[in-house]
Amino acid sequence: MIDFDAVLLAFDLLFSSFTPWLVVIPGILIGLVFGAVPGLQISMAMAIFLPMTLYMDFMQAMLFLTAIFTGGTFGSGVPAILMNIPGTSSAIATAFDGYPMARKGKHNQALGVALGASAFGVLIGYIILFVLIKPISMSVLKIGPAEMFAVILWGMTLIASLSGTFIVKGLIAGFAGLLIGTIGFNETGVLRGTLGSEYLLDGVPVIPAMMGMFAASELLRLVNTQYLVENEAARKVNIKLILQGFLHAFKYPVVLIRGSIIGMFVGAVPGVGSSVLNVLSYIGAKRQDLDSLSFGRGNPKGVIASESANSISEAGSMATLLVYPKRRGDSCNVSRFFYAQFNW
Amino acid sequence: MKCKRIVYADLLVLLGLALFTSWYLYQAWSASSKIENLIFILPVAAITLLLCAFEAIKQLGSKAVNQAENEEQQESVLSVLPVMGLFAAYVLTLEWLGFDLGTVLFIAAFLLIQGERRPAWLVAYSLVFGALVALFFSNMLPYPMPMTFIATEY
């Protein structure tokens with residue numbers, strides 16, 4: 001199953017020199033900034049810094065772009081936790097419980113939990129991917145419209161469990177969302193529902209829509225509020241508490257591993273990106289939990305479920321990128337340019 | 001009568017969604033009535049409308065909400081209205097006012113509504129913060145944005 005000769009060659013390439021590793025920290029910092037600023041995207045960071053890879057060798061460039069992506073996915077969870085505004089769509093579910101934690105003064109723990117889940121999710125996901133990359137690639141090749149429809153249907157049925165006691169309202173919102181998703185040109189070139197706006201020709205862009213939904217609603221919700229955290233003593237950033245939160249994430253290994261597995265497998269499905277699977281993972285955790293009513297009110301398991309899934313998503317996607325290059329996330333599209341640049 | 005207001009608010013949202021769905025279905029139908037165009041939109045719109053009708057009937061038959069809770073919600077909605085108006089004005093005037101000037105004015109007005117009365121603080125904060133945001137986004141976003149003072153390709 002595993003080509004050990006190739007593995008040895010890869011390790012040799014990775015550890016023969018330390019110089020390629022020098023770009024990892026700058027890459028993570030760039031990713032963190034782009035992920036943490038709502039409106040900017042990780043793919044944008046990768047595209048902006050792609051020309052820099054022209055001056056790097058393949059290994060260094062690969063590490064640089066991977067570091068940007070990894071830093072970005074965690075970075076997008078920071079404003080989600082602190083301000084209820086996800087930096088990118090991959091951290092939508094992080095805000096569901098991260099923000100209530102922050103409002104209770106547990107922002108340090110929430111950030112730590114997100115960091116722990118993110119780091120562990122990536123590690124577990126990469127190990128599983130390392131073993132299963134071949135069968136995953138083979139199964140991705142067999143994915144057709146029926147399987148894609150099954151994934152969409154799965155998402156729709158999960159809306160019901162996310163909505164709690166308001167199942168019908170949740171379904172109405174889900175179906176209305178599906179309709180909004182069809183705005184713009186269809187496959188046969190027919191234009192629908194753009195109201196004459198050229199900005200909608202390619203559909204409703206996810207990031208501005210997300211900003212409108214989260215940032216604008218939060219702006220209104222915070223009117224008459226002096227501080228996000230009422231308790232003055234709890235407002236400080238405390239490394240000790242962040243570390244406590246980091247370790248707390250490991251108290252829920254089932255949530256962590258399930259998130260990683262969902263992130264990796266669903267991320268490998270063409271057309272399904274991290275924006276979908278962080279919500280899928282969150283819903284999965286909520287459904288399985290005995291105290292599902294505490295989700296959405298500051299349950300750290302919600303943050304763990306989302307963060308463990310979103311960090312590994314693009315790795316699953318990247319693993320099958322070369323097998324099935326169509327319908328990928330923006331970050332993978334940038335990576336395709338990168339591979340083309342090195343004649344891969 | 002007052003107690004039913006929140007139920008009516010829910011009904012209003014449902015009505016809005018139903019109207020949007022009907023309008024969108026009509027739009028899609030007018031654009032092309034071929035099966036390739038409507039194969040997805042028609043069933044989804046039909047289900048949405050049915051669900052809206054079902055929920056509306058359920059809401060009308062539901063019990064009235066607690067008076068105190070209702071008054072509290074009403075109060076919070078009233079305090080948000082000026083900010084909603086300000087935000088709408090900011091978005092609608094952005095094109096001709098420019099992102100830079102619009103943002104500075106929006107921040108200043110927002111601070112004023114929130115109770116900030118120190119003129120120096122109002123001017124300095126809105127100017128510095130607005131200018132920084134406008135500069136950052138004009139340089140980082142890949143789309144040209146309307147600006148009054150900052151040079152742009154818009």
Side-chain angles (χ1 to χ4, degrees), chain A residues 30 33-34 37-41 43-45 47-48 149 152 156 159-160 163 166-196 199-200 205 207-208 211-212 215-226 330, chain B residues 10 13-14 16-18 20-21 23-41 43-56 58-59 75-77 79-84 86-88 90-91 106 110 113-115 133 136-137 139-143:
Chain A
I30 292 165
V33 171
F34 273 76
V37 177
L40 300 184
Q41 297 163 55
S43 54
M44 217 183 265
I48 287 172
F149 183 70
I152 294 166
M156 288 306 293
I159 287 174
S163 318
F166 305 105
I167 294 171
V168 179
K169 283 182 184 172
L171 284 173
I172 292 171
F175 282 116
L178 280 180
L179 287 177
I180 292 170
T182 61
I183 287 175
F185 276 115
N186 76 355
E187 301 289 318
T188 53
V190 175
L191 198 58
R192 306 172 295 203
T194 59
L195 292 165
Y199 300 111
L200 296 175
I207 298 289
M211 295 289 294
S217 62
E218 200 50 37
L219 174 86
L220 301 176
R221 203 187 309 181
L222 289 177
V223 171
N224 302 329
T225 308
Q226 292 287 323
D330 291 341
Chain B
D10 275 9
V13 174
L14 281 172
L17 281 169
F20 163 76
T21 308
W23 167 80
Y24 188 61
L25 181 63
Y26 171 72
Q27 266 269 315
W29 192 290
S30 319
S32 165
S33 56
K34 284 185 180 170
I35 195 158
E36 292 91 346
N37 188 40
L38 297 172
I39 192 165
F40 182 73
I41 294 173
V44 172
I47 295 169
T48 313
L49 289 172
L50 276 175
L51 286 172
C52 283
F54 173 78
E55 186 61 27
K58 208 174 97 182
Q59 291 280 330
E75 222 169 85
S76 73
V77 168
S79 65
V80 165
L81 277 178
V83 182
M84 282 175 89
L86 178 68
F87 192 62
Y90 170 59
V91 172
F106 173 72
F110 184 74
I113 289 175
Q114 284 290 83
V133 169
F136 184 76
F137 279 99
N139 285 301
M140 295 313 292
L141 289 184
Y143 336 100

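Letters go in sequence order (proteins before strands), and every chain restarts at 1. Quantities reported herein were computed from a predicted structural model and do not represent experimental measurements.
For chain A, the nearby parts of B/Leu51 are the backbone and the side chain; heavy atoms of each come within less than 4.5 Å. Heavy-atom distances place the side chain of B/Leu17, and not its backbone, under 4.5 Å from chain A. For chain B, the nearby part of A/Ile48 is the side chain; its heavy atoms alone come within less than 4.5 Å. Contact of B/Phe20 with chain A is made through the side chain alone, with heavy-atom distances under 4.5 Å.
Within the model, atoms OG1 of B/Thr48 and CG of A/Leu178 stand 8.0 Å from one another, a figure rounded to the nearest 0.5 Å. The distance from atom NZ of A/Lys169 to atom CD of B/Gln59, rounded to the nearest 0.5 Å, is 4.5 Å. In this structure, the separation between CG on A/Leu195 and CH2 on B/Trp23 is 4.0 Å, given to the nearest 0.5 Å.
The residue among B/Met84, B/Glu55, B/Lys58 with the most heavy atom pairs within less than 4.5 Å of chain A is B/Glu55. The greatest number of non-hydrogen atom pairs below 4.5 Å with chain B, out of A/Leu191, A/Leu179, A/Val37, A/Thr188, is found for A/Leu179. Across B/Lys34, B/Gln114, B/Glu36, the residue that shares the most heavy-atom pairs under 4.5 angstrom with chain A is B/Gln114.
For the pair B/Phe110/A/Leu219, a side-chain contact is recorded, criterion being any heavy-atom separation below 4.5 Å from C-beta on.
Under the rule for a side chain to side chain contact (heavy atoms under 4.5 Å, CB included), the partners of B/Leu49 that lie at least two apart in sequence or sit in another chain are B/Ala18, B/Thr21, B/Ser22. Under the side chain to side chain donor-acceptor pair (under 3.5 Å) criterion, A/Thr182 pairs with B/Tyr24, sequence neighbours left out.
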